[in-house]
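What follows is a short report on a single structure.
Heavy atoms only: backbone and side chains are in, while hydrogens, waters and symmetry mates are out. By convention in this document, chain letters (A, B, ...) are assigned in the order of the sequence lines, proteins followed by strands, and residues within each chain are numbered from 1.
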2 protein chains.
Amino acid sequence: MTTSPKMKTSNLPSTKSPDNSGRKLSKFLCFAVYSANLAFGRAYKPILDELGLTYTQYIALQALSEGDEQTVGELGEKMFLESNTLTPILKKLELAGYVRRQRDAADERQVRVTLTSAGRRLLDTDPAASLMDATGLGGADFAEVQESVTRLRDNLLRATRARSEKS
Amino acid sequence: MTTSPKMKTSNLPSTKSPDNSGRKLSKFLCFAVYSANLAFGRAYKPILDELGLTYTQYIALQALSEGDEQTVGELGEKMFLESNTLTPILKKLELAGYVRRQRDAADERQVRVTLTSAGRRLLDTDPAASLMDATGLGGADFAEVQESVTRLRDNLLRATRARSEKS
DNA sequence: TCCAATTTAATCGCATGCGATATATATAAG
DNA sequence: CTTATATATATCGCATGCGATTAAATTGGA
């Protein structure tokens, strides 16, 4: 969260300032991302409801389609989540029949997760295809926004990691 | 969520296809936004922990700084949330002393919410100032990404709204 | 070999989001 | 005036995220 550097100086005092116009929510990049994420979830909802999936479950299936026999940890690296969040989600996907979970025989600590044929079939229908239009972005803009947001994410994670290592 | 149209055709069969390279998570705009939102939350966490605030509570305070005596509904329009989510958050902020909540005398259905002087003081310290660097974006890029993501959000919400009205 | 440190998942508690519903107030119809 | 409808907020249940802890398996060192 940040105000632009320019506004910052003109915005400092405010012990009594009734003028907070420089602090509008719309100026915050973090809020843009926060609310865009809510908007994506709402756009997906009607489609995923029909499939009995949640947004996160759907993303997990996509991540699982990248490779068979992934461990929970590997999946977590892709999704930026850990087992505390993933385990309950994967159990639900298993119960729904989209995923198979089993301990690795060579290392019983790990759990290997793989899409079932039902899971693969579901993704092959490309349920979210209709949402392309909803973004209002042409192919070029789409790729551009996708790339800037990804870079932003990686910058934030790198900075956060650096901070926590310093302490 | 979408694969690029080009890849889609080359990706259809997969009854046995081990090649799902066209379906990589990194190709999904929704995942970029999803994970960037997680990254923002993690970047804010150490700062907000010191203040005893959560990320959403912090955003709510920012929204409240835009005007005094906002109703829950008005705040919800800014944050894209409704009373089911906001009420518990506002009660916590009230308990923490950053916010005042009181029924509107003229219309007892509404609740007016206003920052206390403690709440205003907290925002005046600009706790998230240090995160500007973490974005890795210069002022120009910052504004540009902010604007594209906001437009994306508004497109999605408009499309979602249109769909739900048609049904 | 034996045992302490490490690694991987899973569990638990708390704070959102959100659909569905409940409650209280205000407004409109008759 | 009385009642039906509409509106604003709050409550409840479920599904994430996430810090803290636990449990089980593996690894490394004495």
Quiz item: Roughly, in whole Å, what's the span from OH in B:Y55 to C1' in C:dG17?
Solution: 15 Å
Quiz prompt | Between CD1 on residue A:I59 and CG on residue A:L64, distance to nearest 0.5 Å | solution = 12.0 Å
Self-check item: Atom pair distance, as rounded to whole Å: CD in A:E69 and P in C:dT8
Solution: 17 Å
Quiz item: Which is it for A:Y34 and B:Y55 under the side chain to side chain contact (heavy atoms under 4.5 Å, CB included) test, yes or no, and what are the steps along the way?
Solution: CA-CA 10 Å; A:Y34 167 87; B:Y55 187 50; 4.2 Å; yes
Practice problem: Please list residues of residues 105-113 of chain B whose heavy atoms come under 4.0 Å from any atom in DNA chain C, ordered by number; otherwise none. | Solution: B:A106, B:D107, B:E108, B:R109
Quiz prompt | Distance in angstrom units between B:L48 CG and C:dA15 P, rounded | solution = 14 Å
Quiz item: Would you say the side chains of B:S35 and A:R153 form a donor-acceptor pair under 3.5 Å?
Solution: yes
Practice problem: May I ask you to verify if any side-chain N or O of A:K91 is less than 4.0 angstrom from the OP1 or OP2 atom of C:dT11? | Solution: yes
Quiz item: With no hydrogens and no angle check, do the side chains of A:T114 and A:E69 hold a donor and an acceptor under 3.5 Å apart?
Solution: yes
Self-check item: Nucleotide C:dC14, atom C1' - distance to CG of B:L53 in whole Å
Solution: 15 Å
Exercise. Return the 5'-most residue of the pair A:G41, A:S83 with respect to DNA chain C, ranking by each residue's nearest nucleotide.
Key: A:S83
Quiz prompt | Length of the CG-P vector between B:D104 and D:dT7, whole Å | solution = 17 Å
Quiz item: Reckon B:T54 has a side-chain N or O less than 4.0 Å from the OP1 or OP2 of C:dA15?
Solution: no
Quiz item: If you measure from OG1 on A:T150 to CD on A:Q146, what distance do you get to the nearest 0.5 Å?
Solution: 4.0 Å
Quiz item: Counting only side-chain N and O atoms of A:K92, is one of them less than 4.0 Å from OP1 or OP2 of D:dT16?
Solution: yes
Practice problem: Begin with the C-alpha distance, continue with both residues' side-chain angles, and end with the deciding distance and a verdict on salt bridge (Lys or Arg N to Asp or Glu O under 4.0 Å) for A:R151 and A:E147. | Solution: CA-CA 6 Å; A:R151 200 168 42 238; A:E147 217 235 318; 3.0 Å; yes
Quiz item: Does A:Y34 put a side-chain nitrogen or oxygen below 4.0 Å from OP1 or OP2 of C:dT16?
Solution: no
Quiz item: Mapping B:N84 and B:I89 onto DNA chain C by nearest heavy atom, which one lands closer to the 5' end?
Solution: B:I89
Quiz item: CG of A:N37 versus C1' of C:dG17: gap in Å, rounded?
Solution: 11 Å
Quiz prompt | Side-chain N,O (B:T87) to OP1/OP2 (D:dA10) below 4.0 Å | solution = yes
Self-check item: Whole-Å distance separating the CE atom of A:M79 from the C1' atom of C:dA9
Solution: 16 Å
Quiz item: At under 4.0 Å, does any side-chain N or O of A:T71 touch on OP1 or OP2 of C:dA9?
Solution: yes
Practice problem: Determine whether more than 12 heavy atoms belonging to other residues, nucleotides or ligands lie under 6.0 Å from atom CD of A:E82. | Solution: no
Quiz item: Do any side-chain nitrogens or oxygens of A:K45 fall under 4.0 Å of OP1 or OP2 in C:dG17?
Solution: no
Exercise. Remember a base hit wins even if backbone is also touched, and classify A:E82 as base, sugar-phosphate or nothing at under 4.0 Å, heavy atoms.
Key: nothing
Quiz item: Between D:dT9 and B:R103, is there an OP1 or OP2 to side-chain N/O distance shorter than 4.0 Å?
Solution: no
Practice problem: Determine the contact category for B:L86: base if any of its heavy atoms lies under 4.0 Å from a base atom, sugar-phosphate if only primed atoms, P, OP1 or OP2 are that close, otherwise nothing. | Solution: nothing
Quiz item: How would you label the contact of A:T56 with the nucleic acid (heavy atoms, under 4.0 Å): base, sugar-phosphate, or nothing?
Solution: sugar-phosphate
Practice problem: Could you tell me the separation between the CG atom of A:L81 and the P atom of C:dA10, rounded to a whole number of Å? | Solution: 14 Å
Practice problem: Report yes or no: do A:K24 and B:Q62 form a side-chain donor-acceptor pair below 3.5 Å? | Solution: no
